[in-house]
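All values below come from the heavy atoms of this structure, side chains included, with hydrogens, waters and symmetry mates left out.
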Amino acid sequence: MIIYYIPCPDQKSAENIARTLLQEKLIGCANIIPGMSSMYWWEGKIETSSEYILILKTLESSDANKNLESRVKELHPYEVPCVMALPVASINDSFKNWLEQSLK
C-alpha cells in the first residue's frame, strides 16, 4: 500500500481530484482534511495560505503510481503541486483485501 499526501487550495479541488481518481480506479479511498495553515516560499517571498489536505490510498505499482501522479498534476490547480508518496510499513489484512477489491 502507498499513501499520497496532496495539499489543495480548496475543498472543490480536492473533491474533484479524489472523485476522478476513484472513477479511474487509480485509488481505493480518499480523505479530505480541511483547515491546514501552510507557510512556504513562492516567487522569492514567504506566503501563507489555508489548504485542504488530500490523502489518497492505493496499492504500490510503478505504472499505476506514475499514472496517478500524472493525473493529479493534470487536475490540480497549482502550478507546482505537491504529490508526495509515502510507503506504508504495514496494513491490516482486511483493509488490504478491501483496497485490492476496490481497485479492480
Side-chain angles (χ1 to χ4, degrees):
M1 183 178 163
I2 193 162
I3 298 270
Y4 280 87
Y5 166 88
I6 303 166
C8 296
D10 52 44
Q11 186 169 347
K12 184 178 177 181
S13 298
E15 287 176 354
N16 179 55
I17 293 168
R19 185 171 285 105
T20 300
L21 298 178
L22 283 163
Q23 290 170 340
E24 294 176 3
K25 298 283 188 174
L26 292 172
I27 61 170
C29 179
N31 303 111
I32 299 170
I33 304 169
M36 183 178 80
S37 294
S38 297
M39 295 179 71
Y40 49 92
W41 282 100
W42 185 250
E43 298 182 345
K45 58 185 174 184
I46 296 174
E47 297 286 340
T48 303
S49 64
S50 178
E51 293 182 298
Y52 284 70
I53 298 306
L54 181 56
I55 297 174
L56 308 176
K57 299 169 192 161
T58 191
L59 297 174
E60 191 167 9
S61 158
S62 60
D63 288 340
N65 296 148
K66 285 178 188 173
N67 289 341
L68 186 149
E69 290 176 26
S70 176
R71 287 299 282 145
V72 169
K73 289 176 185 175
E74 290 170 5
L75 296 165
H76 205 290
Y78 287 167
E79 184 179 331
V80 184
C82 171
V83 184
M84 187 183 302
L86 306 166
V88 174
S90 76
I91 181 174
N92 61 308
D93 289 338
S94 59
F95 188 84
K96 182 180 180 212
N97 291 337
W98 171 83
L99 186 59
E100 289 170 340
Q101 293 303 311
S102 296
L103 295 170
K104 289 184 179 178

Donor-acceptor contacts, no H, no angles, side chain residues 97-104, under 3.5 Å, sequence neighbours left out:
residue	atom	partner	partner atom	Å
N97	ND2	D93	O	3.2
S102	OG	W98	O	2.9

For residues 6-19, which side-chain donor-acceptor pairs fall under 3.5 Å, sequence neighbours excluded?
residue	atom	partner	partner atom	Å
D10	OD1	K12	N	3.4
D10	OD1	S13	N	2.7
D10	OD1	S13	OG	2.7
Q11	NE2	E15	OE2	2.7

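Note on L86 and L21: separate hydrophobic clusters, where clusters join Ile, Leu, Val, Met, Phe, Trp and Tyr whose side-chain heavy atoms are under 4.5 Å apart, directly or indirectly. Both L54 and L75 are part of a single hydrophobic cluster, where members link through side-chain heavy atoms under 4.5 Å apart. Y40 and I33 are not part of a single hydrophobic cluster, where members link through side-chain heavy atoms under 4.5 Å apart. Both Y52 and L22 are assigned to one and the same hydrophobic cluster, defined by single-linkage of ILVMFWY side chains at heavy-atom distances under 4.5 Å. Both L59 and I91 sit in one connected hydrophobic cluster of ILVMFWY residues. Membership requires side-chain heavy atoms under 4.5 Å apart, directly or through other members.
Judged as a side-chain hydrogen bond (donor to acceptor under 3.5 Å, both in side chains), and not counting sequence neighbours, Y5 has no contacts. Every residue two or more places apart in sequence or in another chain that forms a ring-ring contact (aromatic ring centres under 6.0 Å, His included) with Y78 is listed here: H76. Residues passing the side-chain hydrogen bond (donor to acceptor under 3.5 Å, both in side chains) test with T20, sequence neighbours excluded: none. Scored by the salt bridge (charged side-chain N to carboxylate O under 4.0 Å, His left out) test, E74 finds R71 as partners (sequence neighbours excluded). Checked against side-chain hydrogen bond (donor to acceptor under 3.5 Å, both in side chains), S94 has the following partners two or more places apart in sequence or in another chain: N92. S50 meets the side-chain contact (heavy atoms from CB on, under 4.5 Å) test with no other residue; sequence neighbours excluded. S38 is linked by a side-chain hydrogen bond (donor to acceptor under 3.5 Å, both in side chains) to E51, counting only residues two or more places apart in sequence or in another chain.
Inter-residue side-chain proximity for L68 and E24 is flagged as unmet; no heavy-atom pair is nearer than 4.5 Å. Side-chain contact check for K45 versus E47: some heavy-atom pair is nearer than 4.5 Å. Within the 4.5 Å cutoff, the side chain of W41 has heavy atoms near those of the I46 side chain.
Under the salt bridge (Lys or Arg N to Asp or Glu O under 4.0 Å) criterion, no residue pair touches residues 25-34, with sequence neighbours excluded. Residue pairs meeting the salt bridge (Lys or Arg N to Asp or Glu O under 4.0 Å) criterion with at least one partner in residues 78-90, sequence neighbours excluded, are absent. Applying the salt bridge (Lys or Arg N to Asp or Glu O under 4.0 Å) test to pairs two or more places apart or on separate chains, none has a residue in residues 26-38.
For the atom pair I2 CD1 and T58 OG1, the distance stands at 8.5 Å (nearest 0.5 Å). The CD1 atom of I27 sits 11.5 Å away from the CD1 atom of I55 when rounded to the nearest 0.5 Å.
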